2 protein chains.
Amino acid sequence: MEERVKQIKQQLSAHNYKLTPQREATVRVLLENEEDHLSAEDVYLLVKEKAPEIGLATVYRTLELLSDLTIIHKLNFGDGVTRYEFRAEGAEHHHHHLICLNCGAVDEIIDDWLGPIEKRVEKEFDFQIIDHRLTFHGICHRCKDQVKDPGKLVGSKVT
Amino acid sequence: MEERVKQIKQQLSAHNYKLTPQREATVRVLLENEEDHLSAEDVYLLVKEKAPEIGLATVYRTLELLSDLTIIHKLNFGDGVTRYEFRAEGAEHHHHHLICLNCGAVDEIIDDWLGPIEKRVEKEFDFQIIDHRLTFHGICHRCKDQVKDPGKLVGSKVT
DNA sequence: TTATCATATGAGATTTGATATCAATTGAAT
DNA sequence: ATTCAATTGATATCAAATCTCATATGATAA
């Protein structure tokens with residue numbers, strides 16, 4: 001934890017940014033909730049618990065800054081809010097997500113299985129891939145017993 | 001064209017909805033711009049040209065209705081607006097998108113290449129897939145000559 | 001035709017997520 | 001201590017989307 005904060009501090013300094021108390025509080029919240037996909041509002045409320053004087057705009061600015069430096073990654077699961085997660089260290093692409101249409105849980109696939117498909121895209125479409133996003137929508141293992149008609153779940157969801 | 005309108009009319013009646021003049025105008029705009037990925041605002045402005053009295057809320061309601069009936073599909077390319085496209089007829093899953101980080105163009109991959117990966121997900125994660133979304137972000141063939149440092153393009157973009 | 005009634009609509013208010021503005025504060029380097 | 005750029009917090013603003021509600025529409029029954 002401490003060394004991750006330190007590492008981020010170095011990444012900031014490398015670009016002439018400082019790790020201010022507000023930024024540090026925000027980073028710590030992100031680290032403490034690394035398994036979640038927090039929205040800016042989520043982060044704001046959590047940071048406020050340890051640093052009540054922080055402003056919402058500062059949280060947004062910090063998230064934007066961390067995102068610019070590719071320390072974290074902006075995600076959009078179609079629920080109207082931008083979410084944030086740490087970039088897998090060293091990983092060129094971020095991982096994939098499994099979104100349960102029944103309970104809303106977001107699980108992750110750590111592996112990147114798209115290698116062969118990317119090669120095909122680059123070749124057939126002359127498209128140089130920088131990043132990708134793969135999301136599966138369906139029923140997670142926790143819900144499979146209580147959902148009888150999955151067809152009902154499809155509909156107006158943004159994907 | 002006419003028969004597609006007729007077909008949609010039937011899909012609506014099947015669920016006790018009527019194809020009102022406003023809904024028909026909206027559907028026609030969507031059909032006439034099938035190759036694009038229009039936002040609600042785009043649709044609104046286009047519909048207004050042929051039916052100036054229509055209200056924005058009605059367009060939103062119509063898009064939501066068509067989306068509920070899975071006649072169209074909501075898309076989110078991370079630019080802050082929801083976009084819409086017709087569902088491929090009969091296709092279980094919609095196709096994939098190539099988004100150029102330089103010019104913003106959205107191209108499509110008609111094939112569904114995820115079969116083997118989906119099998120693996122269903123098996124390894126006990127996750128029943130209903131739909132998926134796959135998007136590649138990178139440099140399209142039209143831009144590849146004018147972009148020297150693709151690394152610069154990565155950053156705070158929502159993906 | 002006329003009355004009835006559920007559905008659909010338009011105008012505008014409201015909500016919500018996110019960004020911009022700007023005066024005040026901080027803190028590092030003189 | 002002084003200076004000066006970076007940062008912050010409060011708030012205004014913006015844009016997308018939704019909600020409210022009075023009105024309009026249209027099918028059906030008398």
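Please read all numbers here as calculations on a predicted model, not as lab measurements. Protein chains get the first letters and strands the later ones, always in sequence-line order, with residue 1 at the start of each. No hydrogens, no waters, no symmetry mates; every other heavy atom, side chains included, goes into these values.
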Specify whether F136(B) and H132(A) have parallel, tilted or perpendicular ring planes, treating 30° as the upper limit for parallel and 60° as the lower limit for perpendicular. perpendicular
Go nucleotide by nucleotide along DNA chain C from the 5' end; which of R61(A) and L56(A) gets its closest nucleotide reached first? L56(A)
Using 4.0 Å as the upper bound for N to carboxylate O, is an ion pair formed by E2(A) and K6(A)? no
Rounded to the nearest angstrom, tell me the gap between atom CD1 in I54(A) and atom C1' in dT25(C). 15 Å
Same hydrophobic cluster for L98(A) and V158(A), using side-chain heavy-atom links shorter than 4.5 Å among ILVMFWY? no
Q22(B) side chain near dG10(C) phosphate (N/O to OP1/OP2, under 4.0 Å): yes
Is the phosphate of dT9(C), meaning OP1 or OP2, less than 4.0 Å from a side-chain N or O of T20(B)? yes
Choose from dA20(C), dC19(D), dT8(D) the nucleotide whose nearest atom is closest to any side-chain atom of T58(A). dT8(D)
Under 4.0 Å, heavy atoms only, any strand: does E53(B) hit a base, just the sugar-phosphate, or nothing? sugar-phosphate
Nearest-nucleotide pick for K18(B), side chain only, options being dT7(C), dT19(C), dT7(D): dT7(C)
Does L63(A) share a hydrophobic cluster with F77(A), counting links as ILVMFWY side-chain heavy atoms below 4.5 Å and allowing steps through other members? no
Quick one: D79(B) CG to dG17(C) P, roughly how many Å, whole number? 18 Å
Closest to side chain of Y60(B), choosing from dC19(D), dA16(D), dA18(C): dA16(D)
Length of the line joining L19(A):CG and dA28(C):C1', which is rounded to integer Å: 15 Å
Whole Å only: how far is the CZ atom of R23(A) from the P atom of dG27(C)? 12 Å
5′-ward residue of the pair L65(A)/K48(A) relative to DNA chain D: L65(A)
Atom-pair distance (CG on L38(A); P on dG17(C)), nearest Å: 15 Å
Map A40(B) and G55(A) onto DNA chain D by nearest heavy atom, then report which one ends up closer to the 5' terminus. G55(A)
Can you tell me how far P of dT7(D) sits from CD of E64(A), to the nearest Å? 14 Å
Mutual orientation of the aromatic rings belonging to F125(A) and W113(B) [parallel < 30°, tilted 30-60°, perpendicular > 60°]: tilted
Euclidean distance, atom CG of residue N76(B) to atom C1' of dG17(C) [Å, nearest integer]: 13 Å
Does T82(A) have a side-chain nitrogen or oxygen under 4.0 Å from the phosphate oxygens OP1 or OP2 of dA18(C)? yes
Distance check needed: dT16(C) P versus Y44(A) OH, whole Å only. 15 Å
